[in-house]
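Working notes, structure below.
We name chains A, B, ... by the order of the sequence lines, and we start the count at 1 in each one.
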Amino acid sequence: MTLPVSHTLNDAHSLAQLPAQIRQASMVMRLSRLGSFFPTRLSFMRVLIRQLAEQKSVLKTQTWSLDKNGFGRAVLSINLFGKEYSIIAFTQPLSDENRTDRVIAEAWDSTYVLYDGIPETEDLDRLEQQVPNQEAGRYSDKELVLSRANKSVRLFQHVVEQLSEGKQPDFDLIKSTGYLMRTTAVYGNGKFGIADRAKIAKRNGMSGPFQIEMLAVYLIREFTHRLVEHIAKSKSPKNACLLSDKLKRYLGIGNSTGLGMAPFLVNHPVLLNNWMLARETAIANMRSIHLLDQTQKTHITKLYYRAKNHLSQWQTTDITQTKKISCLRQEWQKIEPIFLDKIENEYPLEELVQLTNSYSLEMQELMVSLIVEIGGDEIDQLTHCMTSDISPYILPNMSLKFLKNIIKQQFNWALSIDFSQADENHQFWYTSATKLEPRLGERYSEDGAEKEQPLDIAKQVQALNSELEKHDDHQITAIFILKHPEFRYIIKRIQTASWAPYGEIQDNLIGKNCKPIDMLRCKLSFFGAAKFDPKSDRWTRITLYQGAPTASELRYSDADNWWLPVLE
Amino acid sequence: MFRSFSETVFLCYKACVGGGVDIGTAQDIAVSTTLIGTYQNEIFGQLPDLISAPQNKQHITNTFSKTANFESVLAVHNGLFLADCLQSNLLEEIKIKEIDNILLFVGICLHLVTEFSWDILIDDKFVVRISNKNLSADLAFLASGGAKNITIQKSDETNKSLIQLKPTSTIFIDAENWHALNRLAAHTYVDETMHSRISGAGAGLTDND
């Protein structure tokens with residue numbers, strides 16, 4: 001039977017054409033490795049900044065109606081490939097007891113929409129009635145992204161105070177926080193009536209995954225810089241100064257991310273496959289480079305030392321992550337002399353990857369991100385393969401023999417889990433009736449398991465495999481599903497894995513040992529986030545756009561040179 | 001109220017799951033409903049009843065024949081199987097004595113049947129053609145609900161009497177129908193307890209740093 005292979009990587013590729021050194025899904029798609037990822041030059045923020053820089057996009061302030069405390073509304077717009085996009089911000093007072101980053105929040109320090117074009121006053125009036133309500137508001141297809149952000153109270157106030165006295169903020173406090181505000185949700189693709197992705201997906205600059213959401217977050221970051229300067233100046237018009245360019249570049253936008261991101265990866269196996277396949281192809285292509293030229297040697301050496309400094313500035317209160325960072329710092333330091341030797345050899349990047357094989361997973365993943373970083377246009381072209389509008393679908397005439405073979409070859413990891421053990425069934429994923437917050441429950445002590453979301457992929461594979469044993473090999477899938485419609489979902493996934501092999505996380509997502517934070521870090525690394533700061537095994541804070549050029553720096557030639565930012 | 005395509009698909013999916021439909025079927029029914037809903041929004045008012053219809057399993061015994069007859073077909077529960085048979089070329093002609101919703105079945109074909117062109121006849125009258133995800137139809141057909149004496153056959157594309165319809169880009173669903181779907185969807189949500197509020201998301205209740 002012929003299988004579709006044209007949905008992955010790009011239309012010209014088939015699985016047989018993948019690079020020889022590519023790391024197999026069985027190695028890459030484990031939670032522990034996914035939870036060790038670092039951003040790469042393929043990350044979505046990097047893609048957006050390259051596009052903004054290439055287009056020499058200019059940020060304009062369209063509206064600035066904020067009072068002396070910074071409350072009111074503002075509009076900043078930017079042009080990308082001939083289209084205007086505007087972030088509309090609404091800010092309001094918020095008491096400390098109401099400041100929560102959870103989905104269950106009802107109020108925020110600031111709320112936003114990314115508007116398609118430049119809004120008229122009547123648009124602003126309409127949106128001012130809706131946007132501060134977030135999920136409870138109603139939107140039109142002129143709105144592309146809905147978001148909100150809370151202040152880092154400590155840093156925000158400090159920066160305002162310092163600027164109002166004509167002084168720059170404390171360097172160490174900036175280093176330890178890294179953002180003035182953190183977003184707590186960024187909604188796109190049709191949520192609450194905003195535009196479907198289809199509206200913008202074919203536009204120049206917007207075809208890649210999450211580009212519109214990344215643009216919204218970038219503009220929110222710009223807004224936060226202007227907001228602290230505005231309040232400082234209102235407080236002390238004569239003495240206030242502006243934030244230095246260096247600090248602006250270092251101040252990213254924070255983000256609090258919870259469980260909602262994890263089901264996304266499971267629910268979009270083709271998309272996940274394409275992200276992973278592009279990333280792994282990039283790594284494999286770099287490993288196959290025979291010799292580095294002098295420019296590449298200089299570049300990779302600088303990046304090695306930048307990574308070292310970045311690690312020294314990465315702080316978290318999470319005990320597990322602190323241990324990992326400490327280990328990583330030691331390992332990165334340990335290879336320094338060998339690193340400098342290796343880059344002179346033939347196949348230097350392959351040697352560097354091999355060198356890290358005996359170290360921690362974080363070390364291995366940091367190294368592959370590093371070697372991808374010195375790739376240029378050829379690597380960046382892979383970003384065009386990272387999108388997909390295809391969902392898993394049934395191949396109805398596939399024989400059960402073929403289906404059984406896919407399970408045997410690609411789902412052995414699922415068959416090997418012993419679900420008779422209570423620990424392997426320990427957790428269940430569900431949606432809370434309270435603001436539809438995604439949550440994780442304990443199956444044996446909490447109610448609601450009968451409403452669990454279908455993240456029990458391995459268990460479903462086992463159930464299907466048992467049933468298939470009772471059926472003739474020559475029967476086709478359509479007839480099998482007629483008798484057993486309950487397996488339609490898992491059969492779709494299994495058939496999809498035959499042409500999208502990186503679409504499944506190869507671990508038990510309902511087991512006691514499953515740490516959702518690993519899935520969050522995987523997805524956030526694709527966004528381009530760094531300095532993961534877990535607040536539990538289900539929740540993390542990160543910083544987006546830290547080190548990225550500000551809008552006024554997009555014209556500079558080094559606008560893309562901000563992998564793993566360092567404050568110096 | 002106007003709804004986006006993706007929020008409509010998502011609600012229809014949850015309504016199906018909340019109504020007891022298996023997840024794989026719910027995914028395809030949700031997309032199919034929304035697709036046909038871009039031509040005829042009455043389908044959203046009909047969906048809750050279609051979901052609740054008692055299951056009626058179909059049987060196909062002779063897999064060597066390219067034609068098959070079915071007595072009573074339920075769009076939600078049996079429609080995907082028929083579409084799978086058309087898509088896989090297992091069947092080239094299907095005759096159905098009665099179907100509870102022909103509109104939804106056409107939506108299912110739009111979603112899943114991408115191979116070949118198919119003509120649908122009701123009482124031997126040519127009313128629909130589905131070709132490469134495009135829908136051509138007799139406008140009166142869009143008012144259809146249940147139907148009798150349906151034939152689905154591979155099209156030779158000679159009959160040009162139908163006009164190709166354009167889907168709308170936004171979907172209007174009246175509040176009552178939206179609420180009815182939401183009521184079904186609510187069966188998929190777990191009521192909050194103090195324990196789940198505090199520990200279920202793995203985060204605290206206030207965030208002042």
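Heavy atoms of A/Tyr139 lying under 4.5 Å from chain B are absent altogether. Of the two parts of A/Ile476, only the side chain, counted from C-beta on, holds a non-hydrogen atom closer than 4.5 Å to a non-hydrogen atom of chain B. For B/Asp84, the parts sitting under 4.5 Å from any heavy atom of chain A are the backbone and the side chain alike. Both the backbone and the side chain of B/Thr206 come within contact range of chain A, each with at least one heavy atom under 4.5 Å from a heavy atom of that chain. Residue contact with chain A, scored on non-hydrogen atoms closer than 4.5 Å, is absent for B/Asn78. Neither the backbone nor the side chain of A/Asn150 comes within contact range of chain B, judged by heavy atoms closer than 4.5 Å. For B/His187, the part lying under 4.5 angstrom from a heavy atom of chain A is the backbone only. For A/Arg182, the part lying under 4.5 angstrom from a heavy atom of chain B is the side chain only. Contact of A/Lys199 with chain B is not made at all, since no heavy-atom distance falls under 4.5 Å. Contact annotation for B/Phe2: only backbone heavy atoms (N, CA, C, O) come within less than 4.5 Å of a heavy atom of chain A. At a 4.5 Å heavy-atom cutoff, the contact between A/Arg138 and chain B is made by side-chain atoms alone. Within the 4.5 angstrom heavy-atom criterion, no atom of A/Ile491 approaches chain B. Residue contact with chain B, scored on non-hydrogen atoms closer than 4.5 Å, involves the backbone of A/Glu97 exclusively. In this structure, the portion of A/Asp447 lying under 4.5 Å from any heavy atom of chain B is its backbone and not its side chain.
Ranked by non-hydrogen atom pairs under 4.5 Å with chain B, the options A/Ser152, A/Gly260, A/Gly448 are led by A/Ser152. When the candidates A/Glu437, A/Lys492, A/Glu450 are compared by the number of heavy-atom contacts under 4.5 Å with chain B, A/Lys492 comes out ahead. Looking only at heavy-atom pairs under 4.5 Å with chain A, the residue among B/Thr170, B/Asp191, B/Leu80 that has the most is B/Leu80. With chain A as partner, the option from B/Asp28, B/Leu112, B/Thr193 having the largest number of non-hydrogen pairs under 4.5 angstrom is B/Asp28. Of the listed residues (A/Lys483, A/Lys151, A/Arg488), the one with the most heavy-atom contacts under 4.5 Å to chain B is A/Arg488. Counting heavy-atom pairs closer than 4.5 Å to chain A, the top residue among B/Ser199, B/Gly24, B/Ala186 is B/Gly24.
Sparse packing is recorded around CZ of B/Phe10, with 12 or fewer heavy atoms of other residues, nucleotides or ligands lying under 6.0 Å away. Crowding of B/Glu176 atom CD: a count of heavy atoms from other residues, nucleotides or ligands under 6.0 Å not exceeding 12.
In plain terms, the two heavy atoms of A/Gly190 and B/Ser4 that are nearest each other are O-OG, 2.6 Å. Contact between A/Asn189 and B/Ser6 at its shortest, heavy atoms only, is O-OG, 2.6 Å. Scanning all heavy atoms of the two residues, the minimum distance from A/Ser432 to B/Tyr189 falls at C-CB, 4.3 Å. Here the closest heavy-atom approach between residue A/Arg102 and residue B/Ala201 is recorded as NE-CB, 3.6 Å. For the pair A/Asp196 and B/Phe5, the tightest heavy-atom approach, listed with the atom from each and the gap, is OD2-N, 2.7 Å. Taking both residues in full, the closest heavy atoms of A/Asn397 and B/Ser88 are given as CB-CB, 3.6 Å, listed atom of the first, atom of the second, then distance.
For the atom pair CD1 (A/Ile104) and CD (B/Glu192), the distance works out to 6.5 Å, reported to the nearest 0.5 Å. In this structure, A/Leu436 CG and B/Lys14 NZ are separated by 5.0 Å, a value rounded to the nearest 0.5 Å. Note that OG1 of B/Thr25 is 9.0 Å distant from CD of A/Glu486, once rounded to the nearest 0.5 Å. Taking CG of A/Leu440 as the start and OG of B/Ser196 as the end, the distance is 11.5 Å to the nearest 0.5 Å. Residue A/Asp101 holds its CG atom at 11.5 Å from CG of B/Leu205, rounded to the nearest 0.5 Å. Here A/Ile479 contributes atom CD1 and B/Leu90 contributes atom CG; the two are 5.0 Å apart, rounded to the nearest 0.5 Å.
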Using side-chain contact (heavy atoms from CB on, under 4.5 Å), reason through B/Thr188 and A/Tyr430 one step at a time and then give a plain yes or no. CA-CA 8 Å; B/Thr188 65; A/Tyr430 67 92; over 6 Å; no

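Electrostatic pairing of A/Lys535 and B/Asp207 does not count as a salt bridge here, judged by no charged N lying under 4.0 Å from a carboxylate O.
Although no hydrogens or angles enter the test, the distance criterion places a donor-acceptor pair under 3.5 Å between the side chain of A/Arg538 and the main chain of B/Gly200.
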